[in-house]
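Structure record follows, encoded as structure tokens.
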Amino acid sequence: FFTIVILCLFASSLYSLDIQAALYELCWHVIQGNFKLDLSASVLCDMMDLRDDMPSILADVFSILDIETSSLEEKNKRDHYTQLVGACLFFVPDAILKERLDPETLESLGLIKQAHQFNQKIVKIKTKLFYKQQKFNLLREENEGYAKLITELGQDLSGNITSHIVLESIKSLIGCFNLDPNRVLDIILEVYECRSDQDEFFLPLIKSYMCEPLTLCHILGFKFKFNQEPNEETPTSLYHIAAALLHHNLIELEDIYVHLMPLDASIVEEHKREITEAKQIARKLTMVVVPSEKTEDKEREKEEEKNDKAPDNQKLGLLEALLRIGDWHHAQSIMDQMPAFYATSHKAVALALCQLLHLTVEPLYRRAGVPKGAKGCLLRPLRNKRAPRPAESFEDLRRDVFSMLCYLGPHLSHDPILFAKIVRLGKGFMKEDTLLSCFLSIADQVLLPSLSLMECNACMSEELWGLFKLFPYQHRYRLYGQWKNETYTSHPLLVKVKAQTVDRAKYIMKRLTKENVKPSGRQIGKLSHSNPTILFDYILSQIQWYDNLIGPVVDSLKYLTSLNYDVMAYCIIEALANPEKEKMKHDDTTISSWLQSLASLCGAVFRKYPIELAGLLQYVTNTLKAGKSFDLLILKEVVQKMAGIEITDEMTSEQMEAMTGGEQLKAEGGYFGQIRNTKKSSQRLKDALLDHDLALPLCLLMAQQRNGVVFLEGGEKHLKLVGKLYDQCHDTLVQFGGFLASNLSTEDYIKRVPSIDILCNQFHTPHDAAFFLSRPMYGHQILSKYDELKKAEKSNRQQQKVHKYVAACELVMSPVHEAVVSLHPPRVWDDLRPQFYATFWSLTMYDLAVPHNAYDREVKKLQVQVKAIEENPDVPMNKKKKEKERCTALQEKLQEEEKKQLEHVQRVLHRLKLEKDNWLLAKSTKNETITKFLQLCLFPRCIFSAIDAVYCARFVELVHQQKTPNFCTLLCYDRVFSDIIYTVASCTENESRRYGRFLCCMLETVTRWHSDRAVYEKECGNYPGFLTIFRATGFDGGNKADQLDYENFRHVVHKWHYKLTKASVHCLETGEYTHIRNILIVLTKILPCYPKVLNLGQALECRVHKICLEEKEKRPDLYALAMGYSGQLKGRKAHMVPENEFHHKEQPVRSATPVSQQNGPGTTTKPASKTEEGVSEDADRAKDKYQGAAKPVNKANSTAAKVTTSNGNGAPNSTKTIKERDDKEKSGKEKKEKKEKTPGNTLETKGESRREKQRDERGAGGKEERAPREGKEKTPKADRDKQKAEEKNSKEDNKAKAGNGEPKEPSRERDTGAKESKSKEKGGDRSAMSGSLKSPVPRLESAESERDHKRRKLETHSSPSHSSSVKVSMA
């Protein structure tokens, strides 16, 4: 039972522990007395059958217990151990126990007699085995034996001689001549070394002869040691036999490695020293050194190179030999002992490894890598069967080739042929689409570093591009980044190469000019073939400092390879994304010059050279996603240079006219620079956008970013910078959208741009930008549908073509009409029809008018060119012919384009004529209609682009000419010209230019009507737009009394000029940078049409002169603007006329109404009529900042029509009216007091006041001239409630202060008794124009009492929602 228990216990131990531990546990329990001795011995005996080596294991356990028990103090445990071993003697051999137990233990067991004698015997045996040298009697050795041995080994082996036969002869010689076997082995190795090509003979001989590998290692080690002496060089043959013996496992690498020099620690130190020296050389190259010191350093380096001969490195020699015979396993083990790339940095080792790679990849290269037509030389495979197996498929490359290439690293540069083979295999592999990550690693670790060490090999660069162009640009750019930022620090040679490249780049860039572009470009090309990242990094750093280098650099890049161009694109993107560079200047108001320089370089380089654009476009897209708009400057430059689309608001009138024509006319006369040959570059840009689906995302991101610039990005930025970024974002959007519209096909455009409701509602695109993107799509669709209808029913009649065009428009635009309904609240469509809204936003200037003058002008230019070519005798005949053909072809294209546009415009006008009756509904007043038209159509679009500004003005004129029902032209113009302060103040710099252009075009139309009665009668006399009835009614055109006559229109135009002057003066006096800059820009733009009145011009001149004095030192940009405008204004003085020539002024009739007068627009006087109160309030309201003041309008009916002048943004607010009235009351008092003290201190300068005083001193003649002016010139009042009291007090003062010749507002009412009686008979259905539109004539004295009655009545009314300068007549 006990045996069973013990066996169970130890059986479980055998499964949980190893067998030795189980035996130890059992024996230890016996020694402790826990188990019985006899039972335990029987168990151990039974266990002997488990394994053959159980006695040996048990002896090991006894040996351990022997040591443990001998040190114990308890003798009983030692006795138990002795008894246990004794009990086991019959199944454990004595020899094993004698070998492992202590002599004293053996003596106690009776296995030996005496322990002392046993120890002595052991010492003798060990001495004989390990220390006693076997002695040979050298005198007994006969030299003849060695001679015969050498003869035997050196015989001709070409016959049937085998190693076995020779071995038998060697044995006979050893026995016969008493030769030392070790010396015989040494001679065999010596002969093998001399006949190293006979591996097949000597290797089997040595293997048969040798019994101990260590003996062979010692002999070889002695040979290597002998060659380690100074001035000794280890022969190649010795390396070969050592490699052969290693390869055939006759010796071990660990045994022979210790005999080789230098030590591994010395190799590591040498590698570190090389890196340090390389860094020192690089530092010297970047330091400024005197030329004499440079020459001394070079001479010293040459001497050091001569003196310092590299010591013999036996480990590298053995490594080379191993690679030569194809033993990659042992070679890899040696390289692992050394620093990375240290072994292959030695050319012999690198070439040996390259040769091994040649042999390994040869079969696969022949199958998948050889180009068509190439032959190449065949390589003989190694006869060594243990060499790496040649690769037959791409999967076989994993086995050895990739690891060999990684060990080779940058030193593949020693074998360009192998470089080309690997690259071609990569191209073949990309076709089969496997092992992508492996080849990317090889490109990063081997191919690119090797290219850096090659000496100007353009062919390898192009070969490598053949592989790289198959990768996505993301992979390529990652490789370039690692090449540029990490590779050059991994090896001493690369550190030196980088420093030398930078030094050479500095040399070239210092001498690069426009005159030597060609030779410098060749030098740049040679340098870029090997190290493009380093070269371009330096060139870009120079361009960021010196922008005048851009032109020469771009021209000098024509000698680059395709790979270099791609690297150039990466380097530009990396430079743009540099987080250490600020994209704003230190004043935080302008974009940094380095960014502007890089953007300009981008445009020039990408246009001129075939560089992939995807990376740059994606970078711009990513920055926009991140809410940053600085880099839009890059996109702007790229589109401008590559597509020839130029965005500028500084166009001449001729350019603006050309821009309203077709694409050919735009290209010839619409841009400042005639950018030709953009067909290929624009196609490349288009393909890049479409292939990577970036066209629409870029448009949407730019449209959204416009508001992001202000509300998200511009938080801490200077207002000036925010405006510039907004303009840049907007201009780039317009430019980019124009490029897409002109270059994308109809199908591509329609496929990519969603409908207008999706753009606005889902993508949150602003409405103006959404229509801008959709507009070309509508044009394409209409033309396509029109062509379909023409083909379906062939007819040449013009009328039928027009009807088909109208039908096509209805089919295309009907869904658009339905879609735009969701863009605005339903109440908007009570006044405007969706059809009118969509028509306004979908048309362009190309649709409205044909620029015949522009076409004629460009045709004449081409004719002049043809004539000049014919008359030039220096031009060769063939070139003359080509130029004449080009010019003639352009003429024909322009004439054909003009004819095509003329037909198109006629069709569009016919369509508008049919649509106009349904544009504006009669649900509310014309006032509300004009408000919504201004808010939703005119103002958003007039500041979108310069062409849109012209379009808006021409569209208003067209709507007027079409006699559109319910559209009041007069009201529209009045609202545009009145109170421009708010609009001007909210514009950016470029928007101010566009707004000024819009105002100029509007003023051109008004000036044309104002200048000639016949023109006015023809274009306005019988048109519904000049009705004085503001309610939405039909127009019969028969009642002349309801029309505004010519003289009253001239009064109204003067009032508009006065309003513009008043707003301009207000903006100039605010002191705000934005107000002053914007109004100066607007004034410069409208200079051809304003000012026309002399006194208004003088008032402006005075204020602008003041700005020039104040801003000269503080804000130079404002000073420049003011000086520019001032000079132009003085030049226009000759075209200004006195006020009485501008509009007819009747002699005033004295009445009980007092007249108060001050010196300019912006001051207050008391009017002589109720109708003047509207004008007065407008003038006062212009001085209030962004507050809409409300006031009553109609005397007879409180529900009559009202007209707003604050851009349609006013809201009803009676508290604001009361507050404003109180403010006016205070300001009126202050002005009155100031007026009494300083009567000449408003708009006129001191010089003007002096001139007036001189006139006063001239006598009665002057007084008579001033007398009529005294009654006519009045400015608005300030205080209604206290008017009567102020009239009495200020009557005399006003008389004394009158007559200063200042700009004024019309202040007399015509006698409208007939009209009033007529309107009373009709029950008040019709309202006549009031004094703000009709220049008033003198009234009866009873007007004052009527005015008091009206004032009391008006003060009980709630304020209307819009401030007004155009009111219905008060009966």
Side-chain angles (χ1 to χ4, degrees), residues 660-663 666 686 689-690 693 695-696 699-700 703 733-734 736-763 765 767-795 800-823 833-848 897 900-915 918-919 937 941 944 947-948 951 955:
T660 62
E663 292 298 326
K666 288 180 185 177
K686 184 189 84 169
L689 289 167
L690 297 185
D693 292 324
L696 182 64
C699 288
L700 297 179
L733 171 64
V734 173
F736 190 70
F739 165 75
L740 295 180
S742 59
N743 286 273
L744 263 64
S745 64
T746 306
E747 295 75 17
D748 284 335
Y749 201 95
I750 294 172
K751 184 169 66 176
R752 281 167 174 77
V753 179
S755 62
I756 190 69
D757 52 338
I758 294 176
L759 277 175
C760 296
N761 298 331
Q762 290 187 17
F763 293 112
T765 311
H767 296 169
D768 54 352
F771 275 107
F772 168 71
L773 296 175
S774 303
R775 203 173 294 134
M777 180 171 63
Y778 300 149
H780 290 321
Q781 288 175 327
I782 290 172
L783 288 177
S784 301
K785 187 63 70 175
Y786 175 55
D787 291 338
E788 287 179 15
L789 294 176
K790 280 198 301 184
K791 289 177 183 177
E793 183 182 349
K794 294 182 179 179
S795 175
Q800 290 185 356
K801 287 183 179 179
V802 171
H803 286 313
K804 287 174 184 174
Y805 179 78
V806 173
C809 291
E810 289 177 358
L811 289 172
V812 172
M813 297 304 292
S814 294
V816 181
H817 299 159
E818 297 173 3
V820 298
V821 174
S822 64
L823 305 186
R833 284 286 301 276
Q835 185 183 24
F836 175 71
Y837 181 79
T839 300
F840 172 84
W841 281 105
S842 63
L843 295 179
T844 63
M845 272 304 296
Y846 180 83
D847 304 311
L848 300 187
E897 190 176 72
K900 184 179 177 182
Q901 187 178 1
L902 181 61
E903 294 175 357
H904 175 74
V905 169
Q906 289 172 351
R907 291 195 296 266
V908 171
L909 292 178
H910 184 80
R911 166 197 163 190
L912 298 182
K913 189 175 181 181
L914 295 176
E915 291 181 359
N918 298 321
W919 277 351
C937 300
R941 188 164 180 182
F944 194 83
I947 298 297
D948 285 316
Y951 168 81
F955 187 84

Qualifying salt bridge (Lys or Arg N to Asp or Glu O under 4.0 Å) pairs with a residue from residues 775-785, counting only residues at least two apart or across chains: K785-E788
Hey, what do you get for CZ (F739) to SG (C699), rounding to the nearest 0.5 Å? 10.5 Å
Could you tell me which residues satisfy salt bridge (Lys or Arg N to Asp or Glu O under 4.0 Å) with R941, sequence neighbours excluded, listed by chain and number? D948
Salt bridge (Lys or Arg N to Asp or Glu O under 4.0 Å) involving E810 - partner list, sequence neighbours excluded: none
Going by side chain to side chain donor-acceptor pair (under 3.5 Å), name the residues that satisfy it together with [X], two or more places apart in sequence or in a different chain.
X	answer
E897	Y855
T844	D847
S755	D757
S814	none

Please identify each residue that fulfils side chain to side chain contact (heavy atoms under 4.5 Å, CB included) with [X], with sequence neighbours left out.
X	answer
L690	K686, L744, D748, R752
V734	I647, H730, F772, F944, S945
A695	L689, L740

Apply ring pair (Phe, Tyr, Trp, His ring centres under 6.0 Å) to H767 and list each qualifying residue two or more places apart in sequence or on a separate chain. H824
Residue set satisfying ring pair (Phe, Tyr, Trp, His ring centres under 6.0 Å) with Y778, at least two apart, ordered chain then number -> none
ring-ring contact (aromatic ring centres under 6.0 Å, His included) evaluation trace for F771 with Y837: CA-CA 11 Å; F771 275 107; Y837 181 79; 5.7 Å; yes
